[in-house]
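This report concerns only the one structure given below.
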Number of protein chains: 2
Amino acid sequence: MAGRVTISDIAKAAGVSKTTISRYLNGNYGYMSAETRARIEEIIKKYNYVPNSIARTLKSKKSGMIGVIVNTLRYQVGAQTVTGINDICTKNGYGTIVHCTNGDRRAEETAVQLCLNQQVEGFIIIPCENSVAPYLEICERGIPVVICTRRLDDWPYGCVYVRHDELIQKMLLHLKEQGFEKVRFLLDVHDFHKEAMAGFFSAASAELFGMSREESIRWVGRESPAVCEALDALLHEYPGQSKAVMAVNTHTLFLTLRELERRRIRIPHELGVCGYDVIGWSELVYPGISAIRQPMDRMGIIAAEKMMESLREQRPTQGACALEGSLFFRNSTNLKAL
Amino acid sequence: MAGRVTISDIAKAAGVSKTTISRYLNGNYGYMSAETRARIEEIIKKYNYVPNSIARTLKSKKSGMIGVIVNTLRYQVGAQTVTGINDICTKNGYGTIVHCTNGDRRAEETAVQLCLNQQVEGFIIIPCENSVAPYLEICERGIPVVICTRRLDDWPYGCVYVRHDELIQKMLLHLKEQGFEKVRFLLDVHDFHKEAMAGFFSAASAELFGMSREESIRWVGRESPAVCEALDALLHEYPGQSKAVMAVNTHTLFLTLRELERRRIRIPHELGVCGYDVIGWSELVYPGISAIRQPMDRMGIIAAEKMMESLREQRPTQGACALEGSLFFRNSTNLKAL
DNA sequence: CTGAAAGCGCTTACAG
DNA sequence: CTGAAAGCGCTTACAG
């Protein structure tokens with residue numbers, strides 16, 4: 001029956017008013033005799049009383065909850081970010097309400113509304129689209145927002161992101177140095193920041209390989225067939241030129257490697273391969289797959305810490321934090337050593 | 001200002017009482033003239049009114065939230081399960097409050113309390129330990145619970161689990177048939193059901209390989225060194241006999257393969273390798289790694305569906321659902337073909 | 001078909 | 001140092 005004890009029961013048992021109990025609960029000991037305080041403490045222990053946080057929230061508008069809105073938890077990127085967020089929030093006495101948007105702007109809108117309605121005290125969002133308007137609106141209500149894994153233009157508040165532009169640029173430079181003549185980027189339509197990634201890649205490939213965006217980018221989904229088709233096409237294009245493919249996330253990289261293995265394509269002779277890999281398996285696949293790794297758990301941790309800070313100091317979130325990713329060059333793009 | 005409109009504002013604007021608005025909100029149209037209903041609908045649209053769910057929860061004790069308690073989201077097993085749960089809950093208009101326990105019973109206890117305090121309407125739990133007592137207590141309060149990825153003894157309510165006993169048994173049978181003479185299981189101390197898994201493995205290896213539990217089981221963590229030591233030891237044991245190692249989860253399998261690659265151990269000649277792999281990368285690692293795959297997303301989906309059913313019909317959850325995993329025999333355990 | 005009133009379990013001016 | 005009272009935004013007997 002622990003859950004049924006209310007502040008009135010405690011007040012009665014302690015022989016004081018609800019007001020005094022409430023003050024005790026909120027740590028306002030200043031206005032309280034030591035005896036009263038001790039008595040209340042004892043009674044609360046005895047009755048195993050836990051204040052009802054819903055009632056508290058209704059009155060105070062503070063729920064102790066953070067709204068976390070991500071694309072999906074299905075893949076490591078989102079899951080690890082949320083893990084980091086969860087750890088920090090829990091440590092600070094906050095709970096999280098997690099919603100997945102699957103990249104759908106309307107689902108994101110709904111998720112925000114639901115969280116708002118639950119009186120969340122802050123939002124950590126991996127956004128679907130580029131417009132900052134909806135997030136600014138939240139901030140205007142006085143609710144802090146941290147944007148995660150992206151850097152949005154015109155976003156004056158806190159955000160954490162990875163320098164994908166640099167990572168992609170460096171990977172392409174490496175491919176160029178290794179003597180590759182054409183590159184292609186396999187993008188996932190469901191990805192967090194497909195557009196931004198496409199932009200980085202096409203810019204770098206235009207500069208280094210003289211390729212147009214139409215040449216260098218292909219959109220594939222989470223499903224195998226699209227990846228297979230894209231690879232089939234690439235293998236037949238640019239005859240006589242050395243080509244490389246880059247996969248935008250771990251899953252796409254997996255599908256790519258599986259298809260190349262099925263076709264017995266020799267890597268890197270017939271096709272160079274590289275991509276993002278959060279997990280590390282690419283290291284173990286023959287002949288060793290060159291990969292970009294992003295520190296997803298740190299991203300969540302830093303985002304949540306920014307949120308905690310903002311809540312503590314009662315101000316909007318602030319500061320853009322750029323995280324470094326890591327590059328691993330392995331034999332899958334090593335044309336020169338052969 | 002959308003969030004600030006209350007039921008009183010709407011009542012005033014519509015020229016009716018709060019009672020009537022409330023009835024409208026809860027779909028009790030039976031006691032309402034068509035005109036009134038239409039007017040209210042219009043006003044609500046106009047003001048963009050959304051009822052405050054905290055106030056609703058306080059009064060009705062129904063929060064529209066499900067408490068989800070898992071070990072961790074860091075690895076695919078938990079993350080995919082939660083993805084499935086999230087999808088189903090969202091589809092049915094429920095939100096989720098996710099807590100990670102990291103396998104700590106006290107953290108689990110705290111998480112349950114926090115959820116209870118948020119008036120969650122049900123729990124989906126991947127439990128830390130074997131005792132059902134704490135979960136039965138929740139049920140006695142009338143709050144439905146689904147236990148996930150485990151089958152607990154004496155648990156009379158709903159649960160979803162994978163038949164690990166069968167999967168492990170079949171894998172060991174396969175190893176036996178392939179001529180392996182000794183087997184060893186690398187277990188993760190942080191795993192969901194380490195004890196149960198250890199039990200299955202030691203039972204099967206006692207029967208098939210005549211090994212004691214002490215011989216067949218090793219506890220390793222999520223960190224590399226413990227795995228390396230365990231492998232080093234195994235490679236020096238049983239000289240002249242063919243040995244195989246099995247990894248309890250994807251991450252442990254990864255660490256195992258990385259270490260074997262570093263040591264240039266020939267698989268399966270010097271050591272047979274198999275393990276759990278939720279992602280599928282093991283297929284791509286030379287010479288093709290035998291693996292067990294469990295349908296984690298389905299697990300979450302089924303668990304959540306059981307919960308929705310129970311909520312709809314206002315009864316405890318029911319039924320144990322055993323999911324089939326899949327076995328993939330590849331060259332890493334193929335001693336005979338060589 | 002509709003509404004006044006009490007109450008869910010807290011917090012917080014206000015008064016003493 | 002302490003408490004009575006109002007109120008957060010809803011729901012729900014009860015009465016008409």
Side-chain angles (χ1 to χ4, degrees), chain A residues 1-41 43-44 47-65 113-114 116-121, chain B residues 1-41 43-44 47-65 113-114 116-121:
Chain A
M1 291 294 103
R4 324 230 47 181
V5 181
T6 75
I7 199 172
S8 301
D9 302 325
I10 300 297
K12 210 169 293 167
V16 295
S17 71
K18 294 191 294 174
T19 307
T20 302
I21 303 295
S22 178
R23 279 203 265 263
Y24 174 89
L25 293 175
N26 292 289
N28 299 329
Y29 306 132
Y31 304 90
M32 199 177 301
S33 72
E35 306 98 278
T36 307
R37 181 174 167 183
R39 189 147 32 92
I40 293 176
E41 188 170 351
I43 298 283
I44 285 181
Y47 283 80
N48 214 332
Y49 167 66
V50 181
N52 177 323
S53 47
I54 296 292
R56 238 172 173 172
T57 301
L58 179 59
K59 190 66 189 152
S60 69
K61 310 296 178 213
K62 301 277 173 191
S63 63
M65 299 298 258
Q113 285 307 328
L114 285 170
L116 242 22
N117 205 3
Q118 290 286 334
Q119 320 275 15
V120 297
E121 293 184 42
Chain B
M1 292 293 103
R4 324 231 47 183
V5 181
T6 75
I7 198 172
S8 302
D9 301 326
I10 300 298
K12 210 169 295 167
V16 295
S17 72
K18 294 192 293 174
T19 307
T20 303
I21 303 295
S22 178
R23 279 203 266 263
Y24 174 89
L25 293 175
N26 292 289
N28 299 329
Y29 305 131
Y31 304 90
M32 198 176 300
S33 71
E35 305 97 279
T36 307
R37 181 174 166 183
R39 188 147 33 92
I40 293 176
E41 188 170 351
I43 298 283
I44 285 181
Y47 282 80
N48 214 332
Y49 167 65
V50 180
N52 177 323
S53 48
I54 295 293
R56 238 170 173 174
T57 301
L58 179 59
K59 190 67 188 152
S60 68
K61 311 295 178 212
K62 302 277 174 193
S63 63
M65 300 298 260
Q113 286 307 329
L114 285 171
L116 243 22
N117 206 2
Q118 290 286 335
Q119 320 276 15
V120 297
E121 294 184 40

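Since the structure is predicted, the reported quantities are computational estimates derived from the model, not experimental observations. Chain letters run A, B, ... following the sequence lines, proteins first, then strands; residues in each count from 1. Computation of the quantities below employed the complete heavy-atom set of this structure, encompassing side-chain atoms and omitting hydrogens, waters and symmetry-equivalent molecules.
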- prompt: D:dA5 and D:dC1: how far apart are their P atoms, nearest whole angstrom?
  reply: 24 Å
message: Please report the distance separating the C1' of D:dT12 from the corresponding atom of D:dG16, rounded so that it comes out in whole Å.
response: 16 Å
Please enumerate all residues that pass side-chain contact (heavy atoms from CB on, under 4.5 Å) together with [X], with sequence neighbours excluded.
X	result
A:T19	A:S17, A:R23
B:K12	none
A:S8	A:T6, A:K18
B:L114	B:H99, B:T110

Atom-to-atom span, [atom1] of [X] to [atom2] of [N] - whole angstrom:
X	N	atom1	atom2	value
B:Q118	C:dG9	CD	P	15 Å
A:N26	C:dC10	CG	C1'	9 Å
A:N28	C:dT11	CG	P	10 Å
A:R56	D:dG9	CZ	P	19 Å
B:Y24	C:dT2	OH	P	14 Å
A:R39	D:dT2	CZ	C1'	11 Å
A:I40	D:dC1	CD1	P	13 Å
B:N52	C:dC8	CG	P	18 Å

For the side chain of [X], counting heavy atoms from C-beta on, which of [options] is nearest?
X	options	result
A:A55	C:dT11, C:dG9, D:dC1	C:dG9
A:I7	C:dC10, D:dT2, D:dC10	C:dC10
A:L58	C:dT11, C:dC10, D:dG9	D:dG9

- prompt: Does A:N28 offer a backbone N or O that forms a donor-acceptor pair with the side chain of A:N26 under 3.5 Å?
  reply: no
message: Whether the side chain of B:E121 engages the backbone of B:G64 through a donor-acceptor N/O pair (distance < 3.5 Å, no angle test) should be reported.
response: yes
message: Please convert DNA chain D into dot-bracket. A pair counts if it is Watson-Crick or G-U wobble with both distances under 3.5 Å; crossing pairs go in [ ] and bases paired with another strand get |.
response: |||.||||||||.|||
Does a side-chain N or O of [X] approach OP1 or OP2 of [N] to a distance below 4.0 Å, or not?
X	N	result
A:Y49	C:dC10	yes
A:S60	C:dC10	no
A:T6	C:dG9	no
B:T57	C:dC8	no
A:T36	D:dT2	yes

- request: Identify whether any heavy atom of B:S8 sits under 4.0 Å from a base atom; if not, whether one sits that close to sugar-phosphate; answer base, sugar-phosphate or nothing.
  value: nothing
query: If you count the non-hydrogen atoms of other residues, nucleotides and ligands that lie under 6.0 Å from NZ in A:K61, is the total more than 12?
result: yes
Grab the N/O contacts between the protein and nucleotides 3-6 of chain D below 3.5 Å, and write none if there aren't any.
{"from": "D:dG3", "atom 1": "OP2", "to": "A:S17", "atom 2": "N", "distance (Å)": "3.0"}
{"from": "D:dG3", "atom 1": "OP2", "to": "A:S17", "atom 2": "OG", "distance (Å)": "3.3"}
{"from": "D:dG3", "atom 1": "OP2", "to": "A:T20", "atom 2": "OG1", "distance (Å)": "2.8"}
{"from": "D:dG3", "atom 1": "N7", "to": "A:R23", "atom 2": "NH2", "distance (Å)": "2.8"}
{"from": "D:dG3", "atom 1": "O6", "to": "A:R23", "atom 2": "NH1", "distance (Å)": "3.2"}
{"from": "D:dG3", "atom 1": "O6", "to": "A:R23", "atom 2": "NH2", "distance (Å)": "3.2"}
{"from": "D:dA4", "atom 1": "N7", "to": "A:T19", "atom 2": "OG1", "distance (Å)": "3.4"}
{"from": "D:dA4", "atom 1": "N6", "to": "A:T19", "atom 2": "OG1", "distance (Å)": "2.6"}

task: Check B:I7 against B:S22 and note the closest heavy-atom contact, atom names and distance.
output: CD1-N, 3.9 Å
field: Which atom of B:I21 lies closest to which atom of B:A14, heavy atoms considered
entry: CD1-CB, 4.5 Å
query: Taking only residues two or more places apart in sequence, or in another chain, which ones meet A:T36 in a side chain to side chain donor-acceptor pair (under 3.5 Å)?
result: A:S33
